[in-house]
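The structure appears below as C-alpha cells.
Residue numbers start at 1 and run along the sequence shown.
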Amino acid sequence: NMVDFFLVMLLPNAGDELQGIKKGIIELADALIINKADGESEGVAQKTKSQYESALKLLKHHSFWEQKVITCSALESKNIDIIWKMICEYRQESNKSGFFEERRARQAKDWMWSLIRDSIEVRLKNHPELITLLPQLEETVIKGTKTPQMAAAEIIKKFF
C-alpha cells in the first residue's frame with residue numbers, strides 16, 4: 001500500500017529453500033528481477049526466469065499490466081536499462097488506466113486510518129487512568145486470566 005511499483009529481487013535457483021518467505025509476495029509483485037545472471041549463474045538465472053514466468057501465468061494481476069520477469073547482472077550492469085524502461089512503462093500504463101490515481105487515493109485513506117490508530121494508541125498509553133492499568137491488563141492477558149476481548153473492553157470503557 002505504500003509504493004507505486006513493487007519489484008521483487010530474486011537470486012538464481014533460490015526457489016525451494018526460500019518458498020516460505022516468498023509466499024504471498026510474488027502475487028503482489030509488479031515485476032520479478034533475477035539478479036546475478038552472469039558467469040556460471042547465467043544459465044541457472046534463465047531457468048529460474050522460465051519457472052517464474054510459468055508460475056505467473058496462473059496468477060491474476062492488474063488488468064492493465066502483465067507481471068514481468070527479467071534477468072539482470074548488477075555486477076555487469078546488464079539489463080538495468082531494460083528494468084528502468086519497464087518501470088517507466090508501468091507508470092505510463094497505470095496512469096492511462098486510472099489505476100495510479102485510484103491507488104494513490106486508497107493509499108491516502110489507508111494512511112489517514114493509520115494515523116488515527118497511532119494517535120489513539122498514543123493517547124491511550126498516556127491517559128492518566130490507563131498508565132498503570134494497561135500493564136496490569138497486559139499481564140492478565142498474558143497469564144490467561146482475562147481474554148484479550150475483556151481487557152480491550154475495559155480499556156475502551158475507561159477511555160471513552
Side-chain angles (χ1 to χ4, degrees), residues 1-36 48-49 51-72 74 80 83-160:
N1 287 337
M2 295 176 59
V3 298
D4 295 326
F5 185 84
F6 187 12
L7 184 144
V8 175
M9 295 285 295
L10 301 163
L11 296 172
N13 208 25
D16 296 338
E17 63 274 13
L18 296 177
Q19 204 59 40
I21 295 171
K22 294 183 298 191
K23 186 179 170 104
I25 293 176
I26 301 305
E27 293 88 343
L28 298 173
D30 297 310
L32 306 176
I33 307 301
I34 294 118
N35 192 20
K36 300 189 184 279
T48 302
K49 176 184 180 206
Q51 290 170 342
Y52 277 106
E53 286 173 331
S54 295
L56 290 176
K57 289 178 184 172
L58 303 173
L59 301 173
K60 174 135 174 59
H61 203 56
H62 308 304
S63 58
F64 70 91
W65 183 255
E66 185 177 320
Q67 290 169 296
K68 310 275 193 274
V69 182
I70 299 174
T71 59
C72 76
I80 305 300
I83 294 168
W84 179 245
K85 285 178 189 172
M86 176 208 37
I87 293 169
C88 293
E89 178 188 343
Y90 176 91
R91 176 70 187 257
Q92 288 175 335
E93 293 298 317
S94 69
N95 272 326
K96 193 166 47 174
S97 71
F99 180 79
F100 183 82
E101 288 302 318
E102 288 172 22
R103 179 181 269 176
R104 281 290 168 96
R106 202 170 47 251
Q107 288 169 334
K109 184 184 84 167
D110 290 346
W111 188 15
M112 176 193 80
W113 279 107
S114 177
L115 291 169
I116 290 168
R117 283 188 297 273
D118 291 348
S119 295
I120 290 171
E121 184 176 348
V122 167
R123 289 188 68 190
L124 280 171
K125 288 181 177 178
N126 291 312
H127 191 280
E129 292 180 49
L130 297 177
I131 287 177
T132 55
L133 181 61
L134 283 171
Q136 294 168 2
L137 287 172
E138 287 174 349
E139 191 62 32
T140 61
V141 169
I142 290 169
K143 289 181 180 176
T145 55
K146 277 194 180 174
T147 66
Q149 295 86 348
M150 290 168 59
E154 194 172 329
I155 292 166
I156 300 299
K157 188 177 177 182
K158 287 257 189 219
F159 192 68
F160 295 102

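Residue pairs meeting the salt bridge (Lys or Arg N to Asp or Glu O under 4.0 Å) criterion with at least one partner in residues 146-160, sequence neighbours excluded, are K146-E154. Under the ring-ring contact (aromatic ring centres under 6.0 Å, His included) criterion, the residue pairs touching residues 107-134 are H127-F159, with sequence neighbours excluded. Screening residues 133-153 for ring-ring contact (aromatic ring centres under 6.0 Å, His included) gives no qualifying pairs among residues at least two apart or on separate chains.
Under the salt bridge (Lys or Arg N to Asp or Glu O under 4.0 Å) criterion, D110 pairs with no residue at all, not counting sequence neighbours. Applying the ring pair (Phe, Tyr, Trp, His ring centres under 6.0 Å) criterion to F100, with sequence neighbours excluded, gives no partner residue. In this view, F5 and Y90 satisfy the ring pair (Phe, Tyr, Trp, His ring centres under 6.0 Å) rule, not counting sequence neighbours.
Inter-residue side-chain proximity for D4 and S94 is flagged as unmet; no heavy-atom pair is nearer than 4.5 Å. You'll find the side chain of L56 reaches within 4.5 Å of the side chain of I26, heavy atoms only. Side-chain contact between M112 and I116 is present, with heavy atoms from C-beta onward closer than 4.5 Å. Taking the side chain as every heavy atom from C-beta outward, L10 and T48 never approach each other to under 4.5 Å.
Atom CD of Q51 has more than 12 heavy atoms from other residues, nucleotides or ligands within 6.0 Å. Other residues, nucleotides and ligands place more than 12 heavy atoms under 6.0 Å from the CZ atom of R106.
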### Message
Quick one, R104 with E101, criterion salt bridge (Lys or Arg N to Asp or Glu O under 4.0 Å). Give me CA distance, side-chain angles, the key distance, then yes/no.
### Response
CA-CA 5 Å; R104 281 290 168 96; E101 288 302 318; over 6 Å; no

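For Q67 (side chain) and A29 (main-chain N/O), a donor-acceptor pair under 3.5 Å exists by modelled atom type.
Electrostatic pairing of K57 and E53 does not count as a salt bridge here, judged by no charged N lying under 4.0 Å from a carboxylate O.
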